[in-house]
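What follows is a short report on a single structure.
Read the numbers this way: they start at 1 and go in the same order the structure lists the ligands and their atoms.
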Amino acid sequence: MQNLPEYIDWFRYSSSYINAHRKKVFVVLLPGEALEHPNFSNIVHDINLLNSLGVKLVLVHGSRPQINGALDAAKIESTYHKGLRITDADSLQIIKQIVGSLSIDVEAVFSMGLSNSPMHGADITVARGNYITARPLGVLDGVDHALTGVVRKVNAAAIEQHLLAHNIVLLSNLGYSPTGEVFNLSAEDVATEVAIALHAEKLIMFIPQTGILDGDGEMVSTLSPTSAQDVLNAVTSKQENTANGVAQALTAALKACSKNVPRSHLISFEHNGALIEELFTRDGSGTLVSKENFEVLRRATIEDVGGLLELITPLEDAGVLVHRSRELLEAEIGFFFVIEREGMIIACAALYPMDEHCGEIACIAIHKDYQDTGRGQDLLTALEAHAKRSGMSRVIVLTTQTTHWFLEKGFTPIAISELPEKKQKMYNYQRNSKALSKALN
Ligand SMILES: CC(C)(COP(=O)(O)OP(=O)(O)OC[C@H]1O[C@@H](n2cnc3c(N)ncnc32)[C@H](O)[C@@H]1OP(=O)(O)O)[C@@H](O)C(=O)NCCC(=O)NCCS
């Protein structure tokens, strides 16, 4: 084998990704264009590989180009409203045949035993069922969308049973109403709602291009929801035909993000190995839309003073934190850590060196909109690690209203006389703060 050392390195490196992905739910959107592409057999192979690595997979296939072709052949002209097909009863008959036949074809390729491939012998079961309840989209702007529908409910419990049994679940762009009607949905809508209902880790959508491109045609590897919205506005305003799949995928990614699906990936169905590269390499192959990347815990800089003041002033006014002037903050900024989220300082904490063995944790504050989600713990962990790296063997804290929070983090109460001498001299008896200490192992 050529480049054996490189291959071995890559294999070792990928183990952390394998562990991270195992038992996680990924919802994968396969648009109709992807099913027709010569690279589809490679995609099937890579999906099988993920299944073998313990990833729980739900596939949602689309059928737009196949439906277009069949309706054209039957000389049925579709009408559209704002890019959405209005499905009448004649069209639905054809759509049911096309979608049914595509689902069977997809099921068939997953049943091939993967002979002549490195996945030969993998035993994979694909499950299908009526897991999507739909409702009519109704009348929009005076236009009746007839049998075009939207997802009303996802039978998450039934899908989860299949995932627990290690089966791949296959869904299409058809849904069923409790009154027994069939509705034509968008595959993006199905994939998004399923990802939300299953609390999926990832929504992965195959698109015709490598990922999202910037104004210079360069691929953008990560997008915050705000920048994804900007790209979507630009794509929609151009109304380019080729960009349609991209606009729908971006809309789906934005909705998934807002409903707590942590990561949505847009990757190419034309590029062999795009799925593996996206999931098992640091830089990935396509574009990731996520809220997460836009929050960082880092050392504070002088530029953060304004944001810090905004965060801590209300807490100072309430007597929770000791007052610090702008000048003092500027002088002490080197002791601070902050969490920045999309340009806003949402949390801070400081570590003041008391003597060579001891540091004081102070001014820990989380913006009220972001409390109780582990950020306080994250900051404390960062401060303790920093203290250890600086050679300290313990940290102390003085607090009036947060004693129990620190007790739960492993601190123990100490007498004022046990504080470092420097701190004892500064102790404000009127404020009457409790003193706590934690040894750093
Ligand atoms: C105290 C504070 C830093 C905790 O940060 P956080 O990110 O909200 O906390 P975490 O998510 O890590 O932990 C949340 C847990 O702490 C508990 N908690 C929050 N404030 C608490 C307090 N004052 N006393 C005891 N427990 C508290 C929450 O109830 C929650 O408990 P749960 O696990 O049972 O749900 C944050 O609430 C804050 O900024 N408070 C105002 C400023 C302040 O008091 N600073 C301390 C100055 S010494």
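- Of the N and O atoms on the side chains of S103 and H61, at least one donor lies less than 3.5 Å from an acceptor on the other residue.
- Nearest to atom 16 (O) of ligand 1 by heavy-atom distance, out of Y370, F406, W405, is W405.
- When only non-hydrogen protein atoms are considered, atom 40 (N) of ligand 1 lies nearest to Q371 NE2, 3.6 Å.
- Nearest to atom 23 (N) of ligand 1 among the protein's heavy atoms is Q401 O, 3.1 Å.
- At least one N or O atom of G376 sits closer than 3.5 Å to an N or O atom of ligand 1.
- A donor-acceptor contact closer than 3.5 angstrom is absent between the side chains of Y370 and R375.
- Inspection of the T192 and E188 side chains reveals no N or O donor paired with an N or O acceptor under 3.5 Å.
- Looking only at protein heavy atoms, the nearest one to atom 44 (O) of ligand 1 is T402 OG1, 3.0 Å.
- Given atom 11 (O) of ligand 1, the protein heavy atom at minimum distance is G374 N, 2.6 Å.
- The residue from I346, D372, I366 that puts a heavy atom closest to atom 8 (O) of ligand 1 is D372.
- Annotation: F411 is in aromatic contact with F406 [ring centroid separation under 6.0 Å].
- Distance check for atom 33 (O) of ligand 1: every protein heavy atom is found at 4.0 Å or beyond.
- The V320 neighbourhood of ligand 1 comprises atoms 42 (C), 43 (C), 44 (O), with distances under 4.0 Å to a heavy atom of that residue.
- For ligand 1, the atoms closer than 4.0 angstrom to any heavy atom of I364 are 3 (C), 42 (C), 43 (C), 45 (N), 46 (C), 47 (C).
- Looking at every heavy atom in both residues, L254 comes nearest to A228 through CD2-CB, 4.0 Å.
- A centroid separation of 6.0 Å or more is found between the aromatic rings of H37 and F40.
- Among S224, S258, P225, the single residue meeting the side chain to side chain contact (heavy atoms under 4.5 Å, CB included) criterion with K291 is P225.
- Shown in contact with A365 at under 4.0 Å from a heavy atom are these atoms of ligand 1, numbered in order with element: 39 (O).
- Contacts with ligand 1 closer than 4.0 Å are made by no heavy atom of E408, backbone or side chain.
- What sits closest to atom 12 (O) of ligand 1 on the protein, heavy atoms only, is Q377 N, 3.1 Å.
- The main-chain N or O of I276 is never found under 3.5 Å from a side-chain atom of D46 such that the two would form a donor-acceptor pair.
- Using a 3.5 Å distance cut-off with no hydrogens or angles, the side chains of N39 and N42 do pair a donor with an acceptor.
- Heavy atoms of L321 found under 4.0 angstrom from ligand 1 belong exclusively to the side chain.
- Here is the list of ligand 1 atoms found below 4.0 Å of a heavy atom in T399: 48 (S).
- A donor and an acceptor atom, one from each side chain of E270 and S268, are nowhere located under 3.5 Å apart.
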